[in-house]
Amino acid sequence: MTALPSLKWAVRSDPGLKRTSNEDSYSTRPDVGLFVVADGMGGHVAGEVASRVAVEAIEAFIQETAGADKNRTWPFPFDPSVSLEANRLRAAFRLANRKIASAIADSQDLRGMATTASAVLLGPQGASVAHVGDSRVYVLRNGKLEQLTHDHSWVEEQVRAGTLTPTAARQHPWRNVVTRALSGGDDPEVDVTEVVPRPGERYLLCSDGLFTVLPDARIADLLGDMKASLDAIAGALIAAANDAGGPDNITALILHIDAR
Ligand code: CA
């Protein structure tokens, strides 16, 4: 088996300026090539529980199936049109959704909780990017910022239909309304994109507390700073979101692909 691409990473998560708790969760597991950001919903304790349950479930499944064959996407069927990594990630998200269902079944207080999840899973041939909800994954390549995920959100649907501009979407009162989430319902549809990471590229996984207050150009500027450490860049992204009001929890997870 070929080794995973060598990389550096950094992550910061912050409650922002308006909220007392932080309902975002994340996971960094370079040993199995996994990086996840999740943004919980459902109010206070429930939101924190939802994002943590999801992140832990995704992490556990990816760890258990590291080096495994395709049968390990059980109990979900293997989709031969995408890579083994994409299949594992999709199965991990669906199991996370079932864990949320069990947590809700065990506790009345958690009813209505849900979470987004966005993940990158590096494999020997490339990387799989999966998401449900409106946490995003971007890549900065050759100085250009590209969004690899399409938000499952009401405003994104309006932008796609041409009835809202991206700027108006950022200010819309319904900007936080997601149309798909891990909520413990039926097995969710999980969007998966496959990419081949190249040396010098930077990937950013983030919650909506970052991109609803920062335009892409600003994110690109900060992420592309080649003089600052990745940790300083993650801190600068959080600071910029807070300077812009910090209305929501903010998580920024950065991957920098090294030369092989
Ligand atoms: Ca949020």
Side-chain angles (χ1 to χ4, degrees), residues 13-16 18-19 21-26 35-44 46-48 50-51 53-55 58 89-90 93-94 96-97 100 112-120 128-139 145-193 203-220 237-238 240-241 244-253:
S13 189
D14 189 90
K18 303 280 160 68
R19 303 201 174 180
S21 62
N22 190 347
E23 298 176 26
D24 289 358
S25 296
Y26 61 84
F35 297 87
V36 189
V37 165
D39 177 351
M41 294 160 267
H44 234 65
E48 284 180 42
S51 64
V53 166
V55 160
I58 292 167
L89 211 40
R90 211 179 248 159
F93 274 50
R94 289 179 174 161
N97 188 61
I100 287 172
M113 76 172 180
T115 186
T116 71
S118 287
V120 172
S128 296
V129 176
H131 84 291
V132 168
D134 68 351
S135 299
R136 290 185 180 171
V137 181
Y138 293 92
V139 59
L145 191 72
E146 191 190 330
Q147 194 180 319
L148 296 174
T149 51
H150 296 289
D151 303 346
H152 302 133
S153 69
W154 184 84
V155 288
E156 173 71 18
E157 285 175 4
Q158 304 310 307
V159 169
R160 286 186 160 202
T163 55
L164 267 187
T165 65
T167 310
R170 264 197 280 273
Q171 287 145 10
H172 200 280
W174 292 3
R175 62 184 174 269
N176 295 322
V177 176
V178 296
T179 49
R180 215 190 287 177
L182 303 179
S183 59
D186 293 344
D187 289 341
E189 230 184 287
V190 182
D191 289 1
V192 179
T193 308
Y203 290 77
L204 171 67
L205 290 77
C206 62
S207 56
D208 66 335
L210 186 79
F211 64 78
T212 50
V213 293
L214 296 184
D216 284 3
R218 182 92 171 104
I219 293 175
L237 285 164
I238 302 289
D248 196 0
N249 305 148
I250 314 150
T251 301
L253 195 169

Next item on the list: For side-chain contact (heavy atoms from CB on, under 4.5 Å), just list the numbers for Leu204 and Leu210, CA-CA rounded to whole Å, side-chain angles, deciding distance to a tenth of an Å, and then say yes or no.
Entry: CA-CA 11 Å; Leu204 171 67; Leu210 186 79; 4.0 Å; yes
Note to self: Are the side chains of Asp208 and Val178 in contact, using a 4.5 Å heavy-atom criterion?
What the structure shows: no
Checklist line | Asp24-Ser207 side chain donor-acceptor pair, cut-off 3.5 Å | finding: yes
Note to self: Treating Arg180 as the side-chain partner and Glu189 as the backbone partner, does any N or O pair qualify as donor plus acceptor under 3.5 Å?
What the structure shows: yes
Check: Just wondering, more than 12 heavy atoms not from Arg218 lying within 6.0 Å of its CZ?
Finding: no
Notebook entry, point to check: How many angstroms lie between atom CD1 of Ile238 and atom CD1 of Ile250, to the nearest 0.5 angstrom?
Noted result: 5.0 Å
Next item on the list: Tell me yes or no: between the side chains of Ser51 and Thr115, is some donor less than 3.5 Å from an acceptor?
Entry: no
Next item on the list: Return the orientation label for the His152 and His131 ring planes: parallel under 30°, perpendicular over 60°, tilted otherwise.
Entry: parallel
Next item on the list: For a side chain to side chain donor-acceptor pair (under 3.5 Å) with Ser135, tell me which candidate from Thr116, Asp39, Asp151 qualifies.
Entry: Thr116
Margin query: Measuring only between side-chain heavy atoms, which start at C-beta, is Arg170 closer than 4.5 Å to Arg175?
Written below: no
Margin query: Pair His150, Arg160 - check side-chain hydrogen bond (donor to acceptor under 3.5 Å, both in side chains), show working.
Written below: CA-CA 10 Å; His150 296 289; Arg160 286 186 160 202; 3.1 Å; yes
Notebook entry, point to check: So, Thr163 and Gln158: side-chain donor and acceptor under 3.5 Å apart, yes or no?
Noted result: yes
Next item on the list: Check whether any side-chain heavy atom of Val137 sits under 4.5 Å from a side-chain heavy atom of Val120, and report yes or no.
Entry: yes
Item checked: Worked verdict on Asn176 versus Trp154 for side-chain contact (heavy atoms from CB on, under 4.5 Å) -> CA-CA 8 Å; Asn176 295 322; Trp154 184 84; over 6 Å; no
Check: Considering the options Lys18, Arg19, Glu23, which one meets the side-chain contact (heavy atoms from CB on, under 4.5 Å) requirement together with Asp248?
Finding: Arg19
Next item on the list: May I ask you to check whether over 12 heavy atoms, not counting those of Glu146, lie within 6.0 Å of atom CD?
Entry: yes
Item checked: Minimum side-chain heavy-atom gap Trp174-Ser153 below 4.5 Å -> no
Note to self: Less than 4.5 Å apart, side chain to side chain, heavy atoms only: is that true for Val132 and Phe93?
What the structure shows: yes
Checklist line | Verdict with reasoning, Asp191 to Thr149, per side-chain hydrogen bond (donor to acceptor under 3.5 Å, both in side chains) | finding: CA-CA 8 Å; Asp191 289 1; Thr149 51; over 6 Å; no
